[in-house]
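A short worksheet on the structure shown next.
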Protein chains: 2
Amino acid sequence: MELLDVSMDKRRITIKDIADSLDVTPSTVSRALADNPRISESTKKLIRDKAEELGYEPNLIASTLRKGKSDTIGMIVPGINRSFFSNVISSVEEILNPAGFNLVIIQTHEKTENERRAIRTLLRNRVGAIIMSLSVQTKEYGHLQEITSKGIPLVQFDRVCKEIEGTKIVNDNFQGAYLSVSHLIKSGYRKIVHFTGALNLNVYKERFEGYKTALKDAGLEFDESLVFEYSITRDTGRRNINKAVAELKADALFSSGDFSALGAVDTLKEMGVKIPDDFGVVGYANEQFTEIMHPSMTSVEQNPQEMGNRIAKTIIKILNGEQPDEQVIIPVRLLIRESSWINKTLITY
Amino acid sequence: MELLDVSMDKRRITIKDIADSLDVTPSTVSRALADNPRISESTKKLIRDKAEELGYEPNLIASTLRKGKSDTIGMIVPGINRSFFSNVISSVEEILNPAGFNLVIIQTHEKTENERRAIRTLLRNRVGAIIMSLSVQTKEYGHLQEITSKGIPLVQFDRVCKEIEGTKIVNDNFQGAYLSVSHLIKSGYRKIVHFTGALNLNVYKERFEGYKTALKDAGLEFDESLVFEYSITRDTGRRNINKAVAELKADALFSSGDFSALGAVDTLKEMGVKIPDDFGVVGYANEQFTEIMHPSMTSVEQNPQEMGNRIAKTIIKILNGEQPDEQVIIPVRLLIRESSWINKTLITY
DNA sequence: GTTTTCTGTGCAAACGTTTGTATTTTTGTG
DNA sequence: CACAAAAATACAAACGTTTGCACAGAAAAC
C-alpha cells in the first residue's frame, strides 16, 4: 500500500552475504551454521547472530543439489479424503517432522496415470524416499521399478505389490475378513454376500480369502455368485444389494469397504428390510460415518495410527543405513456395532 | 535377489552424459530438451531419443537453483481430514497439475508452531507460491509477513487475515449464517443458541455476525448468553447443549461446525428431545456424515470445488505476472435436511 | 565475389551450498 | 625461542542446470 514500497530488491540473503559482512569465507559460515566442531564457538556465535540479524534462510535447493540428498519425503496415496489414508498421513508426519524430515503428499485419485506423474515429480525433485499406496487402476509396475532402480528408498503400505522389492507394511486383511465373517456366522446369518473391490489389489484379494476361509471353517459352502467384484462405492452398493436380497436370498453382507456397505444400508432401509434383525452388515475401514449412522455399522478398524508409526520408523531406519523389515503386518480389530448384532453395546474381538 | 546385482553404480544420468554420448555440449542438450527454437529439429530428435534411451530424468533441484524459481506450490492447511479442506485441495490440484505445477501439502493440525515450521520449510525449499488457511491458534501474523516480504506470492483462503496483503478467497460466511438462522426462525424456532469456534478467526466472526443480523431482521432479541465460543468439537457440542436446553430453554441450535452440532444431536437423543419437532439443528460445512446421520442434518455447503478453482486460477495469474483480485467471495448454499424441518425432502435456498 | 544476415552450436559463468585439502594462526613443549 | 602439533579458517571444486555471449558456417543480398 505504501507508494514508496515499490519492488524493493527482493534478493535473498545468502551464506556469502554473511561471510562478507563478517570478513570470513562462505565455507566457515556453512560449517558454523552446521555446528561443525572445526569452527570455534566464538565465531559460531558471531555467525549465528549475523544470520539472524540479516534474516537468512538457508537455500535447501542448493544444499540438496550439493549433497545429492534431500530431507523431503514424498508420499503418494490414492486420496486424502478417506479416513484411513488421512490418518496414516497424520501419523507419519507426527514422527517424521520432529525427526527433521518433511513430508509432501500427492494424490493419485486412483489413476495410474497420476501415479506415474507423481513418481516422476518426486524423482525429479530428488526426494530422499518415497512412501506409497497403489491406486486401484494400477496393474503394471514399471513406474515403481523406476524408483528402486534409481536407488531411491521405497516403502509401500496398505495396497502393495509384492513384485517390487522394499518394505511393505500392510494390514492383516485376511484376519479382518475372517473375523467379520465368523462374527456374522456366529450371529446366526447364513447366506453372506461379499462386496469387494478390484481383486488385483492385495487388500481386496486377502479379504476375499479371509471370507472364503471363514465360510469353510464354519462348514458353509462357498458360492461364487455371492461375490460382487468392483462393488466398492456407495452407488454400486445400492445397486448390488438388490440382487443379493431379491434373487440370491442373502441374509448378510460382508463388504470390503464402508461406502458400499452404506449404499447397501440405504437400499435395505428403502426396501423395509430390518437391520440387524433380518439382515446383517459388516463394513471395512471404520470410516467416521459408520459410528454415526443409524443403525451404527460394524466395521473393521485398521489402526492407521500404528501403520503410520511403522512407516515413519522404517523410513528413518533406511535413511540411517539400517536394514528394515521386508514386511510388517499390522493387526486389525473388528468393531461390532448395531448393524450385525442385536445387543447394542460395542464389543471388540 | 541376484547375487551379482550388488550395489551397481546408482549415479543418475545427467545432461552431460547425453551431451558426451552425442558429441555435443550440455547447453545444446539443455536447449533441445527445452524445445528451444535455436536448436535444429534434427538434433532435437537425436537428443530426445538419446535421453529416452538412457532413462534421463531432469534434475529439478539443479534447475530450480539456476532459474531461481520452482514450479512447486506449497499448500498449508489446518488438517486434511476435514471434507472441506480435502475437497479444496483436490480441486486446486485438478487445475494446477495439468498446468505443469505440482502441489505439496502440509498440515498444521491447528497449531501456530506447526504453521511456522511449514512456512519455513516451504520458503527454504523456494516454492513458487504459497496457498494457506490459518490455524485456529494463530493470532499473530509475523510468519505470514515473512512470506510476502521475501517476495513469494501468497494466496490465503477460507481462514484469512486481512492485515496481510495478497489475495484472500473466502466463503460468504455471513450469508451462510444468515440463511441458516433465518430458516430456523421461519420454521418456527425462537430461542436459537449459537455454537462457534474461536472468534479471532474471520470465519467464525462473520458467521456470528450473520447470526446476530438474522435475529435482528426477524425482530428477535440477541442474547449474549446463547453464544458458546470454543464449542466446535463433538465433545464440546455434547456438553454445551445440555446447558442450552435445561437452563436456557433453547429450542434450536445454529452451530458454526458440523461436529459440535453432531455432539449436540448425540446428547439431545439421549435426553429424549425430538429433532426436529422439539428442537431444530443446523450445522456448517456439510461434512459427509451430515447427510448420513439420522435425522439427517441441515448444513451449509461451502462449495470447496469452486473455492479450489479460484485459488488455482489466482495462482496461475500471479505466476504469469498478472494482477489478481484482492478478494474473492464464494457463495454458499443452505442444504435443508431433516434436523430443522418437518418436510423431509431436500430444499436448497 | 564480398559483405550481410541467419542458423545452429559452443563456451563459460552463474545459482548457493558443501567439503576435501591447503594454509594460516594459535597453543603447547622442551 | 624454536618447533611441532593442534586448532581455526581459507581456498577451490563440485553438484546439474540455464543462459548471455561468442563464433563458425551457410544462405542471402548486393
Side-chain angles (χ1 to χ4, degrees), chain A residues 9-48 50-51 54-72 123-128 150-152, chain B residues 9-48 50-51 54-72 123-128 150-152:
Chain A
D9 192 7
K10 290 276 173 52
R11 210 182 62 78
R12 314 276 278 265
I13 302 294
T14 74
I15 257 184
K16 188 158 182 315
D17 297 322
I18 302 178
D20 289 348
S21 82
L22 287 177
D23 224 35
V24 293
T25 59
S27 55
T28 303
V29 176
S30 173
R31 288 194 171 99
L33 293 175
D35 205 21
N36 185 309
R38 275 164 51 179
I39 305 297
S40 69
E41 278 308 321
S42 55
T43 46
K44 268 184 197 171
K45 174 146 178 38
L46 230 53
I47 288 172
R48 281 197 273 247
K50 184 56 94 177
L54 297 179
Y56 169 72
E57 283 290 349
N59 186 331
L60 256 35
I61 298 293
S63 170
T64 299
L65 176 61
R66 171 60 229 238
K67 296 206 283 198
K69 270 296 163 209
S70 138
D71 51 6
T72 295
L123 289 180
R124 291 181 173 188
N125 279 291
R126 301 299 193 261
V127 293
K150 294 229 158 77
I152 304 301
Chain B
D9 193 6
K10 290 277 173 52
R11 210 182 62 75
R12 314 275 278 265
I13 301 294
T14 75
I15 256 184
K16 189 160 182 314
D17 296 323
I18 302 179
D20 289 349
S21 80
L22 287 177
D23 226 33
V24 293
T25 58
S27 54
T28 302
V29 176
S30 174
R31 290 191 173 102
L33 294 175
D35 205 21
N36 186 311
R38 277 163 50 182
I39 304 297
S40 70
E41 278 307 322
S42 56
T43 47
K44 268 184 196 169
K45 173 144 178 39
L46 230 55
I47 287 172
R48 282 198 272 250
K50 184 55 95 176
L54 297 179
Y56 169 72
E57 282 291 348
N59 185 331
L60 255 37
I61 297 295
S63 169
T64 299
L65 176 61
R66 171 61 228 240
K67 296 207 283 197
K69 270 296 164 209
S70 136
D71 53 4
T72 295
L123 289 180
R124 290 181 174 189
N125 279 290
R126 300 300 192 263
V127 293
K150 294 231 158 78
I152 304 301

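Naming: A, B, ... by sequence-line order, numbering from 1 per chain. If you're wondering where the values come from, they're calculated on a predicted model, not measured in any experiment.
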- request: Classify the nucleic acid contact of I15(B) as base, sugar-phosphate or nothing, counting any heavy atom under 4.0 Å across all strands shown.
  value: sugar-phosphate

query: So do the side chains of D35(A) and R48(A) get within less than 4.5 Å of each other, counting heavy atoms only?
result: yes

- request: State, without any angle test, whether S30(A) and S27(A) hold a side-chain donor-acceptor pair at a distance under 3.5 Å.
  value: no

field: For the student: nearest non-hydrogen atoms of L65(A) and L65(B), plus distance
entry: CD2-CD2, 3.4 Å

field: Nearest-angstrom distance from the residue atom CG of N36(A) to C1' of dA7(D)
entry: 12 Å

- prompt: Between atom CG in D17(B) and atom P in dG16(D), what is the gap in whole Å?
  reply: 9 Å

query: Taking five pairs at each end, how big is the angle between the two axes of the helix from dG1(C)-dC30(D) to dG30(C)-dC1(D), to 10°?
result: 50°

field: Note, Y56(A) side chain near D17(A) side chain (heavy atom, < 4.5 Å)
entry: no

message: So which atom in N125(A) and which in I61(B) form the shortest heavy-atom distance, rounded to 0.1 Å?
response: O-CD1, 3.4 Å

query: Any ion pair linking E57(A) and R126(B) (charged N to carboxylate O, less than 4.0 Å)?
result: no

query: Separation of R66(A) atom CZ from dA14(C) atom P, in whole Å?
result: 19 Å

field: Results of side-chain hydrogen bond (donor to acceptor under 3.5 Å, both in side chains) for S40(B) - residues two or more places apart only
entry: S42(B), T43(B)

message: Measure CD1/I61(A) against C1'/dC15(C) and give the value in whole Å, please.
response: 11 Å

query: Which of these nucleotides, dG16(C), dT17(D), dT18(C), is closest to any side-chain atom of A62(B)?
result: dT17(D)

query: Of the non-hydrogen atoms in I13(A) and L54(A), which two are nearest, and what is the gap between them?
result: CG1-O, 3.4 Å

- prompt: So, is S30(B) close to the dT18(D) phosphate, meaning a side-chain N or O under 4.0 Å from OP1 or OP2?
  reply: yes

query: Rounded to the nearest 0.5 Å, how far does CG of L123(B) lie from CD1 of I152(B)?
result: 6.5 Å

query: How many Å lie between CG on L60(A) and P on dT18(C), as a whole number?
result: 9 Å

Length of the line joining D71(A):CG and dT18(C):P, which is rounded to integer Å: 11 Å

Where do N or O atoms of nucleotides 8-11 of chain D meet protein N or O atoms at under 3.5 Å, pair by pair?
unit_1, atom_1, unit_2, atom_2, d
dT9(D), OP2, S40(A), N, 3.1
dT9(D), OP2, S40(A), OG, 3.2
dT9(D), OP2, T43(A), OG1, 2.9
dT9(D), O4, R38(A), NH2, 3.0
dA10(D), OP2, T25(A), N, 2.9
dA10(D), OP2, T25(A), OG1, 3.2
dA10(D), OP2, T28(A), OG1, 2.7
dA10(D), N6, R31(A), NH1, 3.1
dA10(D), N6, R38(A), NH2, 3.1
dC11(D), N4, S27(A), OG, 3.0

task: Would you kindly give the CG-to-P distance between L33(A) and dT18(C), to the nearest whole Å?
output: 8 Å

message: Rounded to whole Å, please give me the gap between NZ in K67(A) and P in dA13(D).
response: 23 Å

